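To start, the structure itself, in structure tokens.
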Amino acid sequence: MRSRQNNQKWTTILRKLDLITAILILNGQVTITGVFLQTGGAFSIPVGGPITGGYRIESRSKSQAGNATIDLIDILLVIFLLCDAINVQGTYITSGRFSIVLGGPLFGGDKTEMKDVRSYSRDFKKFFSSRDKRG
């Protein structure tokens with residue numbers, strides 16, 4: 001029974017991450033920053049902006065059509081997040097900034113589920129416990 005409650009809590013947290021990300025996109029705090037190609041034909045989309053230490057992407061030529069296209073992609077990402085067609089898959093961390101990575105079945109990948117969270121948690125603990133032993 002307790003395990004089922006924990007699964008429900010984690011599932012709720014994962015869903016809230018999707019909704020928070022959708023809100024950040026709608027508020028213009030994050031926007032598409034690129035595309036990650038994955039093996040097997042899947043892809044994922046990182047979003048970032050000033051709130052993640054990056055910048056808000058805009059058309060290089062400052063064209064209204066280019067900026068409208070970026071905005072359209074952002075709106076589609078919000079719709080896909082709200083419909084649970086894509087999910088937050090994780091983060092991509094670089095020097096001084098990070099991106100929120102979105103993906104899922106719609107983009108040819110897997111849906112982020114509870115088993116993934118357990119795996120990430122296990123890997124996280126393993127990584128840091130091995131670092132502590134090395135000094």
Side-chain angles (χ1 to χ4, degrees):
M1 180 68 138
R2 181 150 171 87
S3 177
R4 185 175 299 163
Q5 287 175 334
N6 284 339
N7 282 347
Q8 288 176 332
K9 286 180 186 178
W10 280 111
T11 302
T12 301
I13 289 171
L14 290 173
R15 186 66 186 134
K16 285 183 179 181
L17 284 173
D18 295 341
L19 299 177
I20 290 168
T21 303
I23 290 168
L24 290 173
I25 294 171
L26 281 175
N27 287 333
Q29 297 298 313
V30 294
T31 186
I32 182 173
T33 59
V35 175
F36 294 149
L37 301 177
Q38 302 170 350
T39 57
F43 67 95
S44 56
I45 297 180
V47 294
I51 198 168
T52 63
Y55 54 90
R56 180 158 168 62
I57 195 169
E58 294 178 356
S59 167
R60 285 188 182 182
S61 64
K62 306 286 187 211
S63 82
Q64 288 182 337
N67 287 333
T69 302
I70 294 167
D71 290 341
L72 177 63
I73 292 169
D74 285 343
I75 290 168
L76 288 173
L77 290 174
V78 168
I79 292 169
F80 296 153
L81 282 165
L82 294 176
C83 294
D84 203 25
I86 62 172
N87 306 100
V88 172
Q89 289 188 320
T91 57
Y92 178 72
I93 301 172
T94 61
S95 179
R97 65 178 177 225
F98 71 94
S99 297
I100 302 165
V101 181
L102 308 177
L106 185 64
F107 297 161
D110 296 328
K111 180 168 178 55
T112 304
E113 296 180 359
M114 254 315 292
K115 62 182 174 54
D116 300 323
V117 174
R118 284 195 191 103
S119 173
Y120 300 147
S121 176
R122 190 172 39 254
D123 292 345
F124 180 82
K125 288 175 185 175
K126 184 177 178 181
F127 174 78
F128 282 102
S129 68
S130 65
R131 286 189 66 193
D132 291 342
K133 291 176 186 174
R134 287 184 273 159

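Remember, it's a predicted structure, so these values are computed and weren't measured experimentally. Sequential numbering from 1 along the given sequence is applied to the chain's residues.
Between Arg56 and Thr31, the side chains place a donor N or O and an acceptor N or O closer than 3.5 Å (distance only, hydrogens not considered).
Surrounding OH of Tyr55 are at most 12 heavy atoms belonging to other residues, nucleotides or ligands under 6.0 Å away.
Put simply, the side chain of Leu19 does not reach to within 4.5 Å of the side chain of Leu81, judged on heavy atoms. For the pair Ile75/Ile79, a side-chain contact is recorded, criterion being any heavy-atom separation below 4.5 Å from C-beta on. For the pair Leu77 and Ile86, the minimum side-chain heavy-atom distance is below 4.5 Å. Under the 4.5 Å side-chain criterion, counting only non-hydrogen atoms from C-beta, Pro46 is not in contact with Tyr92. Counting only heavy atoms from C-beta outward, the side chains of Phe36 and Val101 approach each other to under 4.5 Å.
No continuous path of ILVMFWY side-chain contacts below 4.5 Å connects Ile32 to Ile23, so the two sit in separate hydrophobic clusters.
In terms of heavy atoms, Gly109 sits closest to Ala42 at N-CB, 3.7 Å. Across all non-hydrogen atoms, the minimal contact from Leu17 to Val88 is O-CG2, 3.7 Å. Pairing each heavy atom of Gln89 with each of Ser44, the nearest pair is OE1-CB, 3.6 Å.
A distance of 9.5 Å separates CG in Asn67 from CD1 in Ile57, rounded to the nearest 0.5 Å. If you take CG on Leu106 and CG on Leu76, they are separated by 9.5 Å, rounding to the nearest 0.5 Å. Note that CZ of Arg15 and OG1 of Thr12 are 10.5 Å apart. Values are rounded to the nearest 0.5 Å. Taking CG of Asp18 as the start and CG of Leu14 as the end, the distance is 7.5 Å to the nearest 0.5 Å. With rounding to the nearest 0.5 angstrom, the CZ atom of Phe80 is 12.5 Å from the CG atom of Asn87. Atom CD1 of Ile100 is separated from atom CG of Leu102 by 7.5 Å, given to the nearest 0.5 angstrom.
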Working note: Phe107 + Gln38, criterion side chain to side chain contact (heavy atoms under 4.5 Å, CB included); need CA distance, chi angles, decisive distance, verdict.
CA-CA 10 Å; Phe107 297 161; Gln38 302 170 350; over 6 Å; no

